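Owing to the predicted nature of the structure, the values given are computational and were not obtained by experimental measurement. Per chain, numbering begins at 1; letters A, B, ... match sequence-line order. Only this structure's heavy atoms are used, side chains among them; waters, hydrogens and symmetry mates stay out.
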Amino acid sequence: MIYFDHNASTPVRPEVVEAMRECLADVSANPSSLHRGGQRARAVVERAREQVAALLQARPDDVVFTSGGTEGDHAGLIGAAWALESQGRRIAFAALEHHAVHGAAEVLARSGFEVGHLPVLADGWVPPAALDALPADTTVVAVMLANNETGVLQPVAEIARRAHGRGLRLLCDAVQAAGKIPVDFEVLGADYLVVSGHKFGGPKGAGALIVRPGAPFEPLFRGSGHERGRRGGTENVPGIVGLGLAAELAAREQRAEAVRLLALRERFERGLREAVPDLVVHGARAPRLPNTVNASFPGARSDHLLMALDARGIEVSAGAACASGAVEPSPVLAAMRVPRELAVCALRFSMGRTTTEAEAEQVVAAVGEAVRAVRAASAGGGA
Amino acid sequence: MREVYADHAATTRVVPEALAAMVPLLGAAFGNASSAHRRGEAAREVVEQARASVAALLGALPEEIVFTATGSEANNLALKGVLAGLDHGRAHGRRRLVVSAIEHPSVLETARHLESRGFPLTVLPVGTDGVVDLECVGRALGDDVALVSVMWVNNEVGTIQPVREIAALAHAAGALFHCDAVQAAGRVPISVGELGADLLSLAGHKLGGPPGAAALYVRRRLRLVPLVHGGHQERSRRAGTEDLAALAGLGVAAGRAQRRLAADEAARLGALGERLRAGLLAACPRACLNGDAVRRVPVIVNLCFRGVDGEALLHELDREGISVSTGSACSAASPGPSHVLTAMGLPPADAHASVRFSLGEGNDEADIDWILEATPAAVMRLRAMNDPGVRRSA
């Protein structure tokens, strides 16, 4: 199998597996316990907090461990919106945000919050000036750093400036960016930042929410004083250890890896264009993550392509993995005003640390074959 | 030095079978459990197998199990999920929440938070025995009560609450019943049907599984509003990419806990706990048991050693290789006296003089021997230091 779906989930790095296995076997106490076993568990949790903070140029105290990106988006958006409730009951974000942000907004909407929308340009990014048009009772906006489907980078720092200029708080879902490209919490200026371990070689079940000091926040899960009162629940120590190590490894390697992947992607994209000259790459004119290509192959529906590639031993994704099974075009592409007939022919290729040049070449060849086969079947009335 | 882990109520060690199930999943399967490809299929199988095991432990149906990351999250989901559902249908007159004063902070703090959001709250007192009084429950159950939440086994003193009776009273009054069974699961046999629970929480790391995996039982057809939304995982009741390894560990641990309950492991541990309690009470003058002597799980022994600082005793025992807690691990960092012991009427000085021993699978007779040898000596040393007559330092 060739795995070209790293935006869905990355293979856990062997070093991380080993660290978690060791932790599960050796560190068995509750980090809140005062005895030596508990102190040892506390020490490994706090070391991981430093590792995560270092990856994001944040302060360890500002790192709140979560069970992953979905919880992080919920904790950040809901926690901020409720904490700011006295100033207004309206949040805003663009259609291209991850499901988790849409889900958190639904939770808020059930409690009577209004949800406003930010526009998306055809190139796949949110224009910062759009913030100026938000109603006055808006309190929080959410803008992701890199889109999970297209890889398009959002102008988060500029959006943060505008948001703060009018007293709004900004949640930045950096789940797809963290560990792939350098992420600097200070430079971005977001008030809340969300990352997830399994998107950069760490385990599932561990992520982090970074909360800027002074940013209003109410915990999603109440309980004892865990995470400085910001997230009740016993720490997932092995998961946190894995997350921390993955963060440290990513911090060390991400610059070189981004350069490598960018070169690989450019070759890959060129190859695709040669194999399927009429393909359309979404977000091609915008700055993008170095590992992601989202392209439509006119006349070849993505579900058919997915099967044809699967038969050739290649794992890719149609839109986001979380949305697969649905026949509707991706909301992200719809927001970019990609015509429906083109949007239903889109595939997402996402490479990662384990991707080789040879694999990229094999995928190009397989995509060429698959597109031809699907188009032939469709033309023959087979579809 | 002998190492005796007597803090199983804080967390149990991951049992070897659970670890063995987890290790291959830590690295190998990296497909997103919700994606269509083959790895996704395999991942789904892991999740569903774990769900079946947890359901079996509780006598529930697999589709009634919602996985969460922690027991605290399960408790938050139970309370907020039910009340948010009521809030949605505004015609509903039932908005009151009834909880006991000795609930875990994840229930108590959530209840107080909901109170600040307009859901009235009744906090049930407990007697000096650490048990909720059924008469108080009866009096609290007006026709405005939406949900009653009482834990099965208290985490600090180990008292068993009359949850069956409370469930029956709640239902008779038209309210729902949630049971925090985090300390009960794996220690006492649970049947949600017999109990009459509408919702019930458990956590993997209290029954031999890993941290990071927990579950909420939600009775079929019960309306529950999710706290974490935006994905179709867990039948849209809890979104987020599944932590396969942790769920597999939870599943294996649940299956194993069920088998061991059937094999009288509880009786073995109970005998150890009784020996520990009787031995310490006999050997330590002025020590007394916190909580009812009968209505309790014998593996949690919370003792007040008057005249001794509980935290000092904890560290003294730690030096002897014995791991215990003052109050619960969760509240270890908070400076105030335990809310559980306070609710039981202990003066702050006595609450601060209390230590919890909690036994589990790894403990044996030799562990109890060592605790019984080391503890009275440590108590005596600390009392001597505190006695002005023998104090050496300024």
Side-chain angles (χ1 to χ4, degrees), chain A residues 3 5 8-12 14 17 20-21 24-25 28-30 32-38 67-71 73-74 98-104 106-107 110-111 198 203-206 220-226 232-239 242 306 310 315 317 321-322 324-325, chain B residues 5 7 10-11 13-14 19 22-23 26-27 30-32 34-37 39 69-73 75-76 84 87-88 104-106 109-110 113 203 205 210-212 225-231 239-246 311 314-315 318 323-326 328-334:
Chain A
Y3 188 71
D5 202 8
S9 193
T10 53
V12 187
V17 171
M20 290 176 70
R21 200 193 55 73
L24 275 164
S28 49
N30 187 320
S32 297
S33 289
L34 298 176
H35 46 69
R36 281 169 300 162
S67 66
T70 302
E71 181 190 326
D73 281 337
H74 277 70
H98 189 265
H99 294 282
V101 166
H102 288 266
E106 270 179 53
V107 171
R110 253 191 223 109
S111 301
H198 79 106
K204 297 189 174 91
L220 183 64
F221 306 143
R222 281 163 196 276
S224 327
H226 297 111
T234 297
E235 298 88 340
N236 176 0
V237 180
L306 219 52
D310 191 53
E315 290 184 22
S317 172
C322 305
S324 69
Chain B
Y5 184 73
D7 199 13
T11 194
R13 294 188 163 166
V14 182
L19 188 59
M22 293 177 71
V23 167
L26 291 175
F30 54 85
N32 189 319
S34 295
S35 71
H37 24 74
R39 288 196 184 102
T70 67
S72 291
E73 181 186 341
N75 284 340
N76 272 257
D87 195 33
H88 195 56
H104 187 266
S106 55
E109 292 304 313
T110 302
H113 168 71
H205 76 103
V225 174
L227 292 187
V228 181
H229 198 59
T241 301
E242 290 93 342
D243 180 352
L244 292 185
E311 197 174 323
L314 179 152
H315 291 300
D318 196 20
S323 302
V324 300
S325 277
T326 54
S328 72
C330 298
S331 56
S334 74

Fill in: Counterpart residues, salt bridge (charged side-chain N to carboxylate O under 4.0 Å, His left out), relative to R21(A) (two or more places apart)
E18(A)

Going from [atom1] on [X] to [atom2] on [Y], what distance comes out if it is rounded to the nearest 0.5 angstrom?
{"X": "R222(A)", "Y": "H104(B)", "atom1": "CZ", "atom2": "NE2", "answer": "15.0 Å"}
{"X": "E311(B)", "Y": "L34(A)", "atom1": "CD", "atom2": "CG", "answer": "5.0 Å"}
{"X": "T241(B)", "Y": "K204(A)", "atom1": "OG1", "atom2": "NZ", "answer": "7.0 Å"}

Can you give me the closest heavy-atom contact between [X] and [Y], atom names plus distance?
{"X": "P211(B)", "Y": "E235(A)", "result": "CB-O, 3.5 Å"}
{"X": "V225(B)", "Y": "R110(A)", "result": "CG1-NH1, 3.1 Å"}
{"X": "P210(B)", "Y": "L24(A)", "result": "CB-CD2, 4.2 Å"}

Worksheet item: Does P105(B) reach the side chain of H226(A), with side-chain heavy atoms less than 4.5 Å apart?
Response: no

Discussion item. I want to check something: taking the side chain as every heavy atom from C-beta on, are D243(B) and S67(A) in contact at a cut-off of under 4.5 Å?
Written reply: no

Worksheet entry | side-chain contact (heavy atoms from CB on, under 4.5 Å) against T70(B), all qualifying residues, sequence neighbours excluded | R231(A), S72(B), E73(B)

What part of [X] lies closer than 4.5 angstrom to a heavy atom of chain A: side chain, backbone, both or neither?
{"X": "A246(B)", "answer": "neither"}
{"X": "L227(B)", "answer": "both"}
{"X": "V228(B)", "answer": "both"}

Looking at chain B, which one of [options] has the largest number of heavy-atom pairs inside 4.5 Å, strictly under?
{"options": "G68(A), S28(A), P14(A)", "result": "S28(A)"}
{"options": "H102(A), H74(A), E71(A)", "result": "H74(A)"}
{"options": "V237(A), L220(A), D73(A)", "result": "L220(A)"}

Worksheet item: D318(B) side chain to R36(A) main-chain N or O, any donor-acceptor pair under 3.5 Å?
Response: yes

Worksheet entry | Choice from L19(B), T11(B), V14(B) maximising heavy atom contacts with chain A below 4.5 Å | T11(B)

